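The structure presented is a predicted model; accordingly, all values stated were derived computationally and were not measured. Each chain gets a letter, A, B and so on, in the order the sequences are listed, and its residues count up from 1.
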Amino acid sequence: MIRFRGVSKWFGPLQVLKDVDLDVAAGEVLVVCGPSGSGKSTLIRCINRLEPIQQGEIAVDGMALHDPATDLAKLRAEVGMVFQQFNLYPHMTVLRNITLAPLKVRKQSPAEAERIGRDLLDKVGIPEKADQYPARLSGGQQQRVAIARALAMQPKIMLFDEPTSALDPEMINEVLDVMVALAKEGMTMIVVTHEMGFARKVAHRIIFMDEGRIVEEAPPETFFAAPKEERTRTFLSKILAH
Amino acid sequence: MNFAVVWRNLPYLLQGLGVTLQTAALVILGGTVFGVALGVVRTSRIPLLRQVAIAYIEAIRGTPLLVVLFVVYFGLPPIIGYKFTAYQASVIGFILFIGAYIVEDYRSGLASVPRGQIEAGLASGLTVGQVLCCITLPQAIRRMIPTLFNQFVRLLKFTSVASVIGVTELTGAALAVNAREFQPIEIILTLAVSYFVVCYALSLVGRWLNTRYAIQT
(Lines give C-alpha, C1' and ligand atoms only; values in the text may rest on other atoms or scores of the structure.)
Protein backbone atom coordinates (compact mmCIF):
# COMPACT_ATOMS: atom_id res chain seq x y z
CA MET A 1 0.00 0.00 0.00
CA ILE A 2 2.75 2.42 0.96
CA ARG A 3 6.38 1.93 0.04
CA PHE A 4 9.43 4.04 0.88
CA ARG A 5 12.72 3.22 -0.80
CA GLY A 6 15.89 5.08 0.11
CA VAL A 7 13.97 8.22 1.03
CA SER A 8 16.00 11.21 2.15
CA LYS A 9 14.79 14.70 2.86
CA TRP A 10 16.54 17.92 3.77
CA PHE A 11 15.20 21.17 5.19
CA GLY A 12 17.97 23.40 3.82
CA PRO A 13 21.22 22.00 5.24
CA LEU A 14 19.48 19.82 7.83
CA GLN A 15 18.78 16.23 6.82
CA VAL A 16 15.57 15.13 8.51
CA LEU A 17 15.07 11.77 6.80
CA LYS A 18 18.05 9.54 6.16
CA ASP A 19 17.70 6.75 3.62
CA VAL A 20 14.35 5.47 4.92
CA ASP A 21 12.89 2.17 3.74
CA LEU A 22 9.38 1.28 4.80
CA ASP A 23 6.52 -0.97 3.72
CA VAL A 24 2.96 -0.64 4.96
CA ALA A 25 0.39 -3.24 3.96
CA ALA A 26 -3.30 -2.56 3.40
CA GLY A 27 -5.26 -2.82 6.64
CA GLU A 28 -2.15 -2.42 8.75
CA VAL A 29 -2.00 -0.08 11.75
CA LEU A 30 1.46 1.39 12.14
CA VAL A 31 2.47 3.52 15.11
CA VAL A 32 5.47 5.81 14.72
CA CYS A 33 7.15 7.11 17.85
CA GLY A 34 10.36 8.86 18.68
CA PRO A 35 11.82 11.99 20.23
CA SER A 36 11.13 15.48 18.99
CA GLY A 37 12.93 16.18 15.73
CA SER A 38 13.31 12.51 14.84
CA GLY A 39 11.50 13.03 11.54
CA LYS A 40 8.32 11.13 12.38
CA SER A 41 5.93 13.95 11.41
CA THR A 42 7.97 14.63 8.30
CA LEU A 43 7.74 10.94 7.42
CA ILE A 44 3.97 10.89 7.28
CA ARG A 45 3.74 14.32 5.68
CA CYS A 46 5.78 12.92 2.79
CA ILE A 47 3.08 10.33 2.17
CA ASN A 48 0.59 12.90 0.89
CA ARG A 49 3.33 15.12 -0.42
CA LEU A 50 2.75 17.95 2.02
CA GLU A 51 6.53 17.65 2.19
CA PRO A 52 8.44 16.85 -1.00
CA ILE A 53 11.45 14.52 -0.90
CA GLN A 54 14.83 15.12 -2.49
CA GLN A 55 15.98 11.53 -2.80
CA GLY A 56 14.40 8.10 -3.04
CA GLU A 57 10.98 6.88 -4.04
CA ILE A 58 7.58 6.75 -2.41
CA ALA A 59 4.67 4.77 -3.82
CA VAL A 60 1.17 5.10 -2.41
CA ASP A 61 -1.53 2.68 -3.56
CA GLY A 62 0.51 2.02 -6.68
CA MET A 63 0.96 5.69 -7.53
CA ALA A 64 4.52 7.03 -7.62
CA LEU A 65 4.59 10.21 -5.54
CA HIS A 66 7.82 11.60 -6.90
CA ASP A 67 6.60 11.29 -10.49
CA PRO A 68 5.44 14.71 -11.79
CA ALA A 69 2.83 12.97 -13.92
CA THR A 70 0.96 11.72 -10.83
CA ASP A 71 -2.36 13.43 -10.20
CA LEU A 72 -1.64 14.79 -6.74
CA ALA A 73 -5.22 15.82 -5.93
CA LYS A 74 -6.43 12.33 -6.86
CA LEU A 75 -3.80 10.73 -4.64
CA ARG A 76 -4.59 13.03 -1.73
CA ALA A 77 -8.27 12.15 -2.03
CA GLU A 78 -7.31 8.59 -1.08
CA VAL A 79 -5.17 9.64 1.89
CA GLY A 80 -6.93 11.26 4.84
CA MET A 81 -4.96 13.27 7.37
CA VAL A 82 -5.67 14.36 10.94
CA PHE A 83 -3.48 17.09 12.40
CA GLN A 84 -2.29 17.87 15.90
CA GLN A 85 -3.91 21.32 15.74
CA PHE A 86 -7.19 20.01 14.27
CA ASN A 87 -7.12 22.66 11.49
CA LEU A 88 -10.88 22.92 11.17
CA TYR A 89 -12.19 25.80 9.06
CA PRO A 90 -13.59 28.29 11.59
CA HIS A 91 -15.84 30.15 9.15
CA MET A 92 -17.86 27.04 8.31
CA THR A 93 -20.21 24.89 10.37
CA VAL A 94 -19.06 21.46 11.44
CA LEU A 95 -21.16 19.79 8.76
CA ARG A 96 -19.84 22.07 6.04
CA ASN A 97 -16.27 21.37 7.20
CA ILE A 98 -16.98 17.70 6.62
CA THR A 99 -18.80 18.00 3.29
CA LEU A 100 -16.53 20.56 1.62
CA ALA A 101 -14.02 18.15 0.09
CA PRO A 102 -16.55 15.46 -0.96
CA LEU A 103 -18.59 18.15 -2.71
CA LYS A 104 -15.66 19.78 -4.47
CA VAL A 105 -13.33 16.86 -5.10
CA ARG A 106 -15.56 13.80 -5.34
CA LYS A 107 -18.36 15.90 -6.84
CA GLN A 108 -20.98 14.28 -4.62
CA SER A 109 -24.50 15.65 -4.59
CA PRO A 110 -25.27 17.92 -1.62
CA ALA A 111 -27.86 15.47 -0.31
CA GLU A 112 -25.48 12.53 -0.37
CA ALA A 113 -22.60 14.53 1.10
CA GLU A 114 -24.82 15.66 3.95
CA ARG A 115 -26.08 12.15 4.61
CA ILE A 116 -22.55 10.74 4.73
CA GLY A 117 -21.44 13.69 6.85
CA ARG A 118 -24.19 13.20 9.42
CA ASP A 119 -23.50 9.45 9.53
CA LEU A 120 -19.85 10.13 10.26
CA LEU A 121 -20.68 12.66 12.96
CA ASP A 122 -22.89 10.02 14.51
CA LYS A 123 -20.07 7.52 14.27
CA VAL A 124 -17.65 9.80 16.12
CA GLY A 125 -20.29 10.45 18.74
CA ILE A 126 -21.35 14.08 18.19
CA PRO A 127 -24.31 14.13 15.77
CA GLU A 128 -25.90 17.09 17.54
CA LYS A 129 -22.99 19.41 16.69
CA ALA A 130 -23.56 19.38 12.93
CA ASP A 131 -24.72 22.97 12.66
CA GLN A 132 -22.37 24.45 15.22
CA TYR A 133 -19.22 26.39 14.47
CA PRO A 134 -15.92 24.80 15.51
CA ALA A 135 -15.19 27.51 18.08
CA ARG A 136 -18.10 26.23 20.16
CA LEU A 137 -16.65 22.73 20.46
CA SER A 138 -14.15 21.38 22.95
CA GLY A 139 -10.76 20.22 21.72
CA GLY A 140 -11.74 16.57 21.82
CA GLN A 141 -14.91 17.28 19.85
CA GLN A 142 -13.01 19.33 17.30
CA GLN A 143 -10.53 16.53 16.74
CA ARG A 144 -13.37 14.06 16.29
CA VAL A 145 -14.86 16.39 13.68
CA ALA A 146 -11.44 16.48 12.03
CA ILE A 147 -11.43 12.69 11.91
CA ALA A 148 -14.95 12.67 10.45
CA ARG A 149 -13.84 15.27 7.90
CA ALA A 150 -10.94 13.08 6.79
CA LEU A 151 -13.17 9.98 6.66
CA ALA A 152 -15.79 11.77 4.54
CA MET A 153 -13.52 11.37 1.54
CA GLN A 154 -13.65 7.59 2.10
CA PRO A 155 -9.86 7.33 1.92
CA LYS A 156 -7.88 4.13 1.70
CA ILE A 157 -5.27 5.36 4.17
CA MET A 158 -5.56 7.54 7.26
CA LEU A 159 -2.59 9.48 8.59
CA PHE A 160 -2.58 10.83 12.14
CA ASP A 161 0.04 13.39 13.15
CA GLU A 162 0.07 13.41 16.96
CA PRO A 163 -3.73 13.66 17.09
CA THR A 164 -4.00 13.84 20.88
CA SER A 165 -0.92 15.90 21.72
CA ALA A 166 -2.82 19.19 21.86
CA LEU A 167 -5.70 17.84 23.95
CA ASP A 168 -6.48 18.04 27.64
CA PRO A 169 -5.93 14.63 29.25
CA GLU A 170 -9.68 14.05 29.85
CA MET A 171 -10.39 14.40 26.14
CA ILE A 172 -7.66 12.11 24.87
CA ASN A 173 -9.69 8.95 25.40
CA GLU A 174 -12.72 10.07 23.40
CA VAL A 175 -10.46 10.59 20.39
CA LEU A 176 -8.48 7.38 20.91
CA ASP A 177 -11.75 5.42 21.14
CA VAL A 178 -12.70 6.65 17.67
CA MET A 179 -9.28 5.68 16.36
CA VAL A 180 -9.45 2.21 17.93
CA ALA A 181 -12.85 1.61 16.31
CA LEU A 182 -11.44 2.72 12.97
CA ALA A 183 -8.48 0.35 13.34
CA LYS A 184 -10.79 -2.55 14.16
CA GLU A 185 -12.70 -1.86 10.94
CA GLY A 186 -9.53 -2.57 8.98
CA MET A 187 -8.47 0.94 7.94
CA THR A 188 -4.82 1.32 6.95
CA MET A 189 -3.54 3.78 9.55
CA ILE A 190 -0.22 5.41 10.29
CA VAL A 191 -0.26 7.13 13.63
CA VAL A 192 2.47 9.36 15.03
CA THR A 193 1.80 9.39 18.75
CA HIS A 194 3.13 9.10 22.27
CA GLU A 195 0.05 7.18 23.40
CA MET A 196 1.61 3.79 23.99
CA GLY A 197 -1.62 2.35 25.42
CA PHE A 198 -3.22 2.89 22.05
CA ALA A 199 -0.22 1.31 20.34
CA ARG A 200 -0.42 -1.76 22.55
CA LYS A 201 -4.12 -2.15 21.82
CA VAL A 202 -4.35 -1.88 18.04
CA ALA A 203 -0.94 -1.46 16.40
CA HIS A 204 0.27 -4.28 14.20
CA ARG A 205 3.73 -2.76 14.22
CA ILE A 206 5.55 0.00 16.06
CA ILE A 207 8.39 2.00 14.57
CA PHE A 208 10.86 3.97 16.62
CA MET A 209 12.60 6.80 14.81
CA ASP A 210 15.59 8.83 15.90
CA GLU A 211 17.50 11.48 13.97
CA GLY A 212 15.82 10.69 10.69
CA ARG A 213 16.30 6.92 10.74
CA ILE A 214 14.07 3.99 11.63
CA VAL A 215 15.96 2.57 14.59
CA GLU A 216 13.61 -0.24 15.54
CA GLU A 217 10.57 -1.91 14.08
CA ALA A 218 8.57 -4.61 15.86
CA PRO A 219 5.08 -5.80 16.83
CA PRO A 220 3.87 -4.30 20.15
CA GLU A 221 4.58 -7.41 22.26
CA THR A 222 8.22 -7.51 21.20
CA PHE A 223 8.65 -3.75 21.06
CA PHE A 224 7.65 -3.11 24.66
CA ALA A 225 8.87 -6.34 26.24
CA ALA A 226 12.24 -6.80 24.53
CA PRO A 227 13.43 -3.80 22.49
CA LYS A 228 16.63 -4.64 20.63
CA GLU A 229 18.27 -1.22 20.49
CA GLU A 230 19.71 0.75 23.40
CA ARG A 231 18.24 3.97 22.04
CA THR A 232 14.77 2.42 22.02
CA ARG A 233 15.15 1.25 25.60
CA THR A 234 16.19 4.73 26.75
CA PHE A 235 13.24 6.33 24.98
CA LEU A 236 10.73 3.82 26.34
CA SER A 237 12.01 4.20 29.88
CA LYS A 238 11.45 7.94 29.64
CA ILE A 239 7.95 7.93 28.21
CA LEU A 240 6.61 4.94 30.07
CA ALA A 241 7.81 6.40 33.38
CA HIS A 242 4.49 8.15 34.21
CA MET B 1 -21.51 83.90 12.03
CA ASN B 2 -24.33 83.86 9.56
CA PHE B 3 -25.12 80.50 8.00
CA ALA B 4 -27.70 81.91 5.60
CA VAL B 5 -25.05 81.64 2.90
CA VAL B 6 -25.10 77.87 3.36
CA TRP B 7 -28.92 77.62 3.17
CA ARG B 8 -28.94 79.81 0.10
CA ASN B 9 -26.55 77.55 -1.73
CA LEU B 10 -27.76 74.25 -0.28
CA PRO B 11 -28.94 72.63 -3.55
CA TYR B 12 -25.56 73.29 -5.17
CA LEU B 13 -23.65 71.99 -2.13
CA LEU B 14 -25.84 68.91 -1.90
CA GLN B 15 -25.18 68.22 -5.55
CA GLY B 16 -21.47 68.36 -4.75
CA LEU B 17 -21.99 65.96 -1.85
CA GLY B 18 -23.80 63.62 -4.23
CA VAL B 19 -20.78 63.59 -6.52
CA THR B 20 -18.50 62.90 -3.55
CA LEU B 21 -20.64 59.97 -2.40
CA GLN B 22 -21.00 58.59 -5.90
CA THR B 23 -17.24 58.78 -6.45
CA ALA B 24 -16.61 57.12 -3.10
CA ALA B 25 -19.05 54.29 -3.84
CA LEU B 26 -17.53 53.60 -7.26
CA VAL B 27 -13.99 53.71 -5.94
CA ILE B 28 -14.74 51.57 -2.88
CA LEU B 29 -16.18 48.89 -5.14
CA GLY B 30 -13.65 49.20 -7.94
CA GLY B 31 -10.70 49.73 -5.62
CA THR B 32 -11.49 46.65 -3.53
CA VAL B 33 -11.88 44.45 -6.59
CA PHE B 34 -8.71 45.87 -8.10
CA GLY B 35 -6.82 45.59 -4.80
CA VAL B 36 -7.81 41.94 -4.29
CA ALA B 37 -6.99 41.08 -7.92
CA LEU B 38 -3.65 42.83 -7.54
CA GLY B 39 -3.17 40.87 -4.33
CA VAL B 40 -3.71 37.57 -6.12
CA VAL B 41 -1.07 38.61 -8.68
CA ARG B 42 1.24 39.84 -5.93
CA THR B 43 1.12 36.44 -4.20
CA SER B 44 1.25 34.40 -7.39
CA ARG B 45 3.74 31.58 -7.71
CA ILE B 46 5.03 32.98 -11.00
CA PRO B 47 7.96 35.33 -10.25
CA LEU B 48 7.36 37.60 -13.27
CA LEU B 49 3.75 38.31 -12.25
CA ARG B 50 4.84 39.00 -8.69
CA GLN B 51 7.50 41.45 -9.86
CA VAL B 52 5.09 43.34 -12.10
CA ALA B 53 2.69 43.71 -9.17
CA ILE B 54 5.47 44.85 -6.83
CA ALA B 55 6.72 47.41 -9.34
CA TYR B 56 3.23 48.86 -9.71
CA ILE B 57 2.63 48.98 -5.95
CA GLU B 58 5.93 50.70 -5.19
CA ALA B 59 5.40 53.22 -8.01
CA ILE B 60 1.95 54.22 -6.78
CA ARG B 61 2.96 54.30 -3.12
CA GLY B 62 5.78 56.67 -3.99
CA THR B 63 3.47 59.05 -5.82
CA PRO B 64 1.17 61.66 -4.27
CA LEU B 65 -2.53 61.15 -4.99
CA LEU B 66 -2.77 64.45 -6.83
CA VAL B 67 0.07 63.50 -9.15
CA VAL B 68 -1.65 60.17 -9.88
CA LEU B 69 -4.78 62.10 -10.85
CA PHE B 70 -2.68 64.41 -13.06
CA VAL B 71 -1.09 61.42 -14.78
CA VAL B 72 -4.49 59.91 -15.52
CA TYR B 73 -6.15 63.15 -16.54
CA PHE B 74 -3.33 64.87 -18.45
CA GLY B 75 -0.74 62.19 -19.07
CA LEU B 76 -2.75 59.20 -20.34
CA PRO B 77 -4.95 60.77 -23.09
CA PRO B 78 -2.01 61.52 -25.45
CA ILE B 79 -0.78 57.94 -25.00
CA ILE B 80 -4.02 56.02 -25.32
CA GLY B 81 -5.88 58.49 -27.50
CA TYR B 82 -8.95 58.76 -25.27
CA LYS B 83 -9.70 61.87 -23.26
CA PHE B 84 -11.35 61.22 -19.89
CA THR B 85 -13.67 63.73 -18.34
CA ALA B 86 -12.38 65.14 -15.07
CA TYR B 87 -14.87 62.92 -13.21
CA GLN B 88 -13.82 59.75 -15.03
CA ALA B 89 -10.15 60.57 -14.53
CA SER B 90 -10.71 61.10 -10.81
CA VAL B 91 -12.54 57.77 -10.37
CA ILE B 92 -9.89 55.87 -12.34
CA GLY B 93 -7.07 57.64 -10.54
CA PHE B 94 -8.55 56.90 -7.11
CA ILE B 95 -9.06 53.23 -7.98
CA LEU B 96 -5.49 52.88 -9.21
CA PHE B 97 -4.28 54.65 -6.08
CA ILE B 98 -6.26 52.90 -3.38
CA GLY B 99 -5.73 49.46 -4.97
CA ALA B 100 -2.01 49.69 -4.22
CA TYR B 101 -2.81 50.15 -0.51
CA ILE B 102 -5.57 47.58 -0.28
CA VAL B 103 -3.13 45.02 -1.67
CA GLU B 104 -1.05 45.15 1.52
CA ASP B 105 -4.17 44.71 3.64
CA TYR B 106 -5.07 41.77 1.43
CA ARG B 107 -1.64 40.18 1.94
CA SER B 108 -1.85 40.52 5.68
CA GLY B 109 -5.40 39.17 5.56
CA LEU B 110 -4.15 36.14 3.62
CA ALA B 111 -1.26 35.64 6.01
CA SER B 112 -3.65 35.67 8.95
CA VAL B 113 -5.20 32.40 7.79
CA PRO B 114 -3.26 29.66 9.60
CA ARG B 115 -1.14 27.55 7.30
CA GLY B 116 -2.51 24.41 8.94
CA GLN B 117 -5.95 24.99 7.44
CA ILE B 118 -4.45 25.33 3.98
CA GLU B 119 -2.61 22.05 4.54
CA ALA B 120 -5.81 20.40 5.70
CA GLY B 121 -7.55 21.59 2.54
CA LEU B 122 -4.75 20.42 0.25
CA ALA B 123 -4.49 17.10 2.11
CA SER B 124 -8.17 16.42 1.41
CA GLY B 125 -7.60 16.73 -2.33
CA LEU B 126 -8.68 20.34 -2.93
CA THR B 127 -6.75 22.23 -5.60
CA VAL B 128 -4.80 25.36 -4.73
CA GLY B 129 -7.55 27.41 -6.39
CA GLN B 130 -10.28 25.70 -4.37
CA VAL B 131 -8.36 26.25 -1.14
CA LEU B 132 -8.01 29.93 -2.02
CA CYS B 133 -11.69 30.37 -2.81
CA CYS B 134 -13.29 28.28 -0.10
CA ILE B 135 -10.90 28.48 2.81
CA THR B 136 -8.47 31.37 2.51
CA LEU B 137 -10.39 34.23 0.88
CA PRO B 138 -13.62 33.99 2.92
CA GLN B 139 -11.59 34.29 6.11
CA ALA B 140 -9.07 36.82 4.80
CA ILE B 141 -11.78 39.19 3.60
CA ARG B 142 -13.66 39.05 6.91
CA ARG B 143 -10.46 39.68 8.83
CA MET B 144 -9.72 42.59 6.51
CA ILE B 145 -12.95 44.45 7.29
CA PRO B 146 -11.49 46.85 9.89
CA THR B 147 -8.48 47.81 7.81
CA LEU B 148 -10.51 48.01 4.61
CA PHE B 149 -12.91 50.44 6.20
CA ASN B 150 -9.91 52.44 7.34
CA GLN B 151 -8.93 52.75 3.68
CA PHE B 152 -12.49 53.62 2.71
CA VAL B 153 -12.68 56.47 5.20
CA ARG B 154 -9.30 57.76 3.99
CA LEU B 155 -10.62 57.57 0.47
CA LEU B 156 -13.70 59.57 1.32
CA LYS B 157 -11.45 62.34 2.55
CA PHE B 158 -9.17 62.04 -0.48
CA THR B 159 -12.04 62.67 -2.87
CA SER B 160 -11.66 66.34 -2.00
CA VAL B 161 -8.46 66.33 -4.08
CA ALA B 162 -10.52 65.80 -7.22
CA SER B 163 -11.56 69.42 -6.97
CA VAL B 164 -8.09 70.37 -8.18
CA ILE B 165 -8.72 68.86 -11.60
CA GLY B 166 -12.10 70.53 -11.76
CA VAL B 167 -14.53 67.92 -10.46
CA THR B 168 -17.41 69.61 -8.68
CA GLU B 169 -17.63 67.34 -5.69
CA LEU B 170 -18.26 68.71 -2.22
CA THR B 171 -15.01 70.63 -1.78
CA GLY B 172 -15.13 71.94 -5.30
CA ALA B 173 -18.70 73.10 -4.78
CA ALA B 174 -17.83 74.75 -1.47
CA LEU B 175 -14.86 76.59 -2.95
CA ALA B 176 -16.98 77.77 -5.87
CA VAL B 177 -19.63 79.12 -3.47
CA ASN B 178 -16.94 80.84 -1.43
CA ALA B 179 -15.44 82.44 -4.52
CA ARG B 180 -18.79 84.00 -5.20
CA GLU B 181 -20.00 84.82 -1.67
CA PHE B 182 -16.74 85.16 0.22
CA GLN B 183 -17.86 83.91 3.64
CA PRO B 184 -15.08 81.40 4.26
CA ILE B 185 -15.71 80.69 7.96
CA GLU B 186 -19.26 79.44 7.57
CA ILE B 187 -18.56 77.61 4.33
CA ILE B 188 -15.37 75.85 5.47
CA LEU B 189 -16.95 74.92 8.79
CA THR B 190 -19.92 73.38 7.00
CA LEU B 191 -17.53 71.59 4.69
CA ALA B 192 -15.55 70.12 7.58
CA VAL B 193 -18.65 69.00 9.47
CA SER B 194 -20.10 67.40 6.34
CA TYR B 195 -17.00 65.30 5.79
CA PHE B 196 -16.95 64.34 9.44
CA VAL B 197 -20.55 63.15 9.40
CA VAL B 198 -20.10 61.07 6.27
CA CYS B 199 -16.78 59.58 7.42
CA TYR B 200 -18.12 58.75 10.85
CA ALA B 201 -21.20 57.09 9.36
CA LEU B 202 -18.94 54.98 7.14
CA SER B 203 -16.77 53.91 10.05
CA LEU B 204 -19.91 52.92 11.99
CA VAL B 205 -20.96 50.72 9.07
CA GLY B 206 -17.53 49.10 9.18
CA ARG B 207 -17.83 48.49 12.90
CA TRP B 208 -21.27 46.90 12.48
CA LEU B 209 -20.07 44.67 9.62
CA ASN B 210 -17.09 43.59 11.65
CA THR B 211 -19.26 42.55 14.58
CA ARG B 212 -21.75 40.79 12.34
CA TYR B 213 -19.27 38.85 10.22
CA ALA B 214 -16.43 38.31 12.62
CA ILE B 215 -15.12 34.77 12.59
CA GLN B 216 -15.52 33.11 15.96
CA THR B 217 -12.29 31.71 17.32
Q: Considering only heavy atoms, give the residues of residues 94-106 of chain A separated from chain B by less than 4.5 Å, sorted numerically, with 'none' for an empty result.
A: Leu100(A), Ala101(A), Lys104(A), Val105(A)

Q) If you check every heavy atom in residues 142-168 of chain A against those of chain B, which residues fall under 4.5 Å? A) Arg149(A), Met153(A)

Q | Neighbours of chain A found in residues 108-117 of chain B - heavy atoms under 4.5 Å | A | Gly116(B), Gln117(B)

Q: Measure Leu88(A) against the heavy atoms of chain B and call it side chain, backbone, both or neither at under 4.5 Å.
A: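 Only the backbone of Leu88(A) comes within 4.5 Å of chain B.
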
Give every donor-acceptor pair under 3.5 Å between a side-chain atom in residues 87-106 of chain B and any protein atom, sequence neighbours left out.
{"unit_1": "Gln88(B)", "atom_1": "OE1", "unit_2": "Thr85(B)", "atom_2": "N", "d": "3.0"}
{"unit_1": "Ser90(B)", "atom_1": "OG", "unit_2": "Tyr87(B)", "atom_2": "O", "d": "2.7"}
{"unit_1": "Glu104(B)", "atom_1": "OE1", "unit_2": "Arg107(B)", "atom_2": "NH2", "d": "3.3"}
{"unit_1": "Asp105(B)", "atom_1": "OD1", "unit_2": "Thr147(B)", "atom_2": "OG1", "d": "3.2"}
{"unit_1": "Asp105(B)", "atom_1": "OD2", "unit_2": "Thr147(B)", "atom_2": "OG1", "d": "3.1"}
{"unit_1": "Asp105(B)", "atom_1": "OD2", "unit_2": "Gln151(B)", "atom_2": "NE2", "d": "2.9"}

**Q.** Spacing of Ser124(B) atom OG and Asn48(A) atom CG [to the nearest 0.5 Å]
**A.**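 CG of Asn48(A) is found 10.0 Å from OG of Ser124(B).
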
(Q) Within this structure, what is the CG-CD1 distance for the pair Asn87(A) and Ile135(B), rounded to the nearest 0.5 Å? (A) 10.0 Å

Check the surroundings of atom [atom1] in [X]: do more than 12 heavy atoms from other residues, nucleotides or ligands lie under 6.0 Å from it?
{"X": "Gln15(B)", "atom1": "CD", "value": "no"}
{"X": "Arg136(A)", "atom1": "CZ", "value": "no"}
{"X": "Phe74(B)", "atom1": "CZ", "value": "yes"}

Q: List the atom of Tyr89(A), the atom of Ala120(B), and the distance in Å for their closest heavy-atom pair.
A: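 It is OH-C, 3.7 Å.
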
Q | Validation row: Glu119(B), Arg45(A) side chains within 4.5 angstrom (heavy atoms) | A |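 Answer yes - side chains close enough.
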
Q: Check for a donor-acceptor pair, side chain of His91(A) on one end and backbone N or O of Arg142(B) on the other, with a separation under 3.5 Å.
A: no

